[in-house]
Amino acid sequence: MNSLSDNDFLPVERLRELQLRKLQKTVAYEYDRVALFRRRCDEKGVKPRDIETLKDIAKLPFMIKTDLRDEYPLGLTAAPMSDIVRFHCSSGTTGKPICIPNTRNDVEVWANATARCLEMYGLGKGDVLQVSYGYGLFTGGLGLHYGGELLGCSVLPTGAGNTEKQLMLMKDLGTTAIACTPSYFLHIIEVAKKLGIDFRRDTKLRHGIFGAEPWTDQMRERIETEAGITAHDIYGLTEVSGPGVAGSCDHCRGLHIFEDHYYPEIIDPDTLEPLPDGEEGELVFTTLDRDGTPMIRYRTRDLTRLQTERCACGRTIRVMDRVHARSDDMLIVHGVNLFPSQVETALLGVEGVAPHYQIVLTPTDTLDLLEIKVEMRPESFSDNIRELEALRKRVFAAVKQIIGLSPKITLVEPGSLPRSEGKIKRVIDLRRK
Ligand code: DLL
């Protein structure tokens, strides 16, 4: 066994002991150094010494994104500024950004988790890893970069964008794995088609490492078939480091959480009570090895479940279901809950349309108007009105069956909806303006 991944296979009791030790240390460290955390603990009447078992974590207060915004830029920093080697920030959609300072140790712990994740996908020395996530304040680029180097891959730091050049380098340098958002990879597939590049014939690409946004199992199959690669899921968030908090494994198709570094809980988002493994709710993380900005019971807003079954790969670290939705992604339309990923699932079952879509919600005097713009595939784009109407009806029926609402379906020309090099924006909700 490779020493990098030893903690993936620890006997469960030893893993829990390790987690408890680290949790106690983190809570004491945070209590000593971060005023907001100390105040909230004092209000709840809990002291670091009250954490005697892992279950006692439930006594601690939660942290939420607003705390990071309110304390922007450095109010939650626990380490001295002289120990900070890097900042990452995430802009969010509204208001102030959040800023996460990392110490050298934080960067190393993060690289360790990301390298283990890549190793789980089957990568190693000899692989050329093209990192096409954005470099900079976003954690995608540098996170995969450091993990890839630690594992011994040859990293090709292209960053996002400039797709034709990406494809040229992919061919010339023999890229075997690409890391980017799934929506950007769909765009890369389109550009490759236009340039007459066949991934199987012209490249050595075998792995795609996709994350930073939700993507469905149907999308995964589509990508695997079109590019002839294995599509792996990678999950993470800026607040607790970045990519590599969890990654998919071929045996379970969920995501193993590197829980010696990131302790997971699932809570009921309404009552905030912890839920047992197996039940779906909001994912909460406590960082166990970070010094710059430790996060204690950070509410991610992501909805998932921790699986109860032991994975056939032998790893003892727990598995969560793939994240298809955030609680704040949920749209309420005519009183019905709608997640964008449901629309993606429906579209991927209809021949003749591409998985590029946009949901537009417009207020009217009566019911809000739900419109879904869907791109046709080049081969089904024609002037034949009857054929187009038949396609529109097929899309309508597939979407209605899954979401239970009757949207206005508008078919649009191939390539006409915006593409993204990073996270894609699928919803335009004009009701919120
Ligand atoms: O997206 C970190 C990352 C970079 C992950 C590259 C994977 C690959 P943030 O910008 O802070 O960080 O956004 C974090 O993105 O809470 C989820 O809602 C969503 N997310 C991230 N990975 C996945 C995934 C990066 N694999 C937020 N599936 C998270 C679904 C994901 N959602």
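Just follow the structure's listing: the first ligand is 1, and inside any ligand the first atom is 1.
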Next on the checklist: Using a plain distance cutoff, I'd like to know if Thr238 has any nitrogen or oxygen under 3.5 Å from a nitrogen or oxygen of ligand 1.
Outcome noted: yes
Checklist outcome for this item: Under 4.0 Å from one or more heavy atoms of Phe138, ligand 1 contributes atoms 1 (O), 4 (C), 10 (O), 25 (C)
Item to check | Flag side-chain contact, heavy atom, 4.5 Å: Pro97 against Arg69 | outcome: no
Next on the checklist: Between Tyr235 and Ser248, do the side chains contain a donor N or O and an acceptor N or O under 3.5 Å apart?
Outcome noted: no
Checklist entry - Quick one: which of Asp233, Leu237, Asp302 has a heavy atom closest to atom 16 (O) of ligand 1? => result Asp302
Checklist entry - Has Arg222 got its NZ or CZ under 6.0 Å from the middle of the six-membered ring of Phe185, at an angle within 45 degrees of the ring axis? => result no
Next on the checklist: Before you tell me yes or no, could you show the steps for Glu259 and Gln19 under side-chain hydrogen bond (donor to acceptor under 3.5 Å, both in side chains), namely the whole-Å CA-CA distance, both residues' side-chain angles and the distance that decides it to 0.1 Å?
Outcome noted: CA-CA 8 Å; Glu259 58 168 323; Gln19 288 171 321; 2.9 Å; yes
Item to check | Option set Lys423, Lys65, His232, Glu213, criterion heavy-atom distance to atom 31 (C) of ligand 1, minimum | outcome: Glu213
Checklist entry - Can you list the ligand 1 atoms lying under 4.0 Å from a non-hydrogen atom of Thr139? => result 2 (C)
Checklist outcome for this item: of all protein heavy atoms, closest to atom 7 (C) of ligand 1 is Ala212 N, 3.3 Å
Next on the checklist: Just to verify, what does Lys194 make a side chain to side chain contact (heavy atoms under 4.5 Å, CB included) with, not counting sequence neighbours?
Outcome noted: none
Next on the checklist: If I apply the N/O under 3.5 Å rule, does Gly211 come out as touching ligand 1?
Outcome noted: no
Checklist entry - Taking atom types as modelled, is there a side-chain donor on Ser132 or Gln166 under 3.5 Å from an acceptor on the other? => result yes
Item to check | Shortest protein heavy-atom distance from atom 25 (C) of ligand 1, along with the residue and atom involved | outcome: Gly236 O, 3.6 Å
Next on the checklist: I'd like to check the side-chain hydrogen bond (donor to acceptor under 3.5 Å, both in side chains) partners of Arg21; sequence neighbours left out, ordered by chain and number.
Outcome noted: none
Next on the checklist: Closer than 4.0 Å to some heavy atom of Gly140 - which atoms of ligand 1 meet that?
Outcome noted: 4 (C), 6 (C)
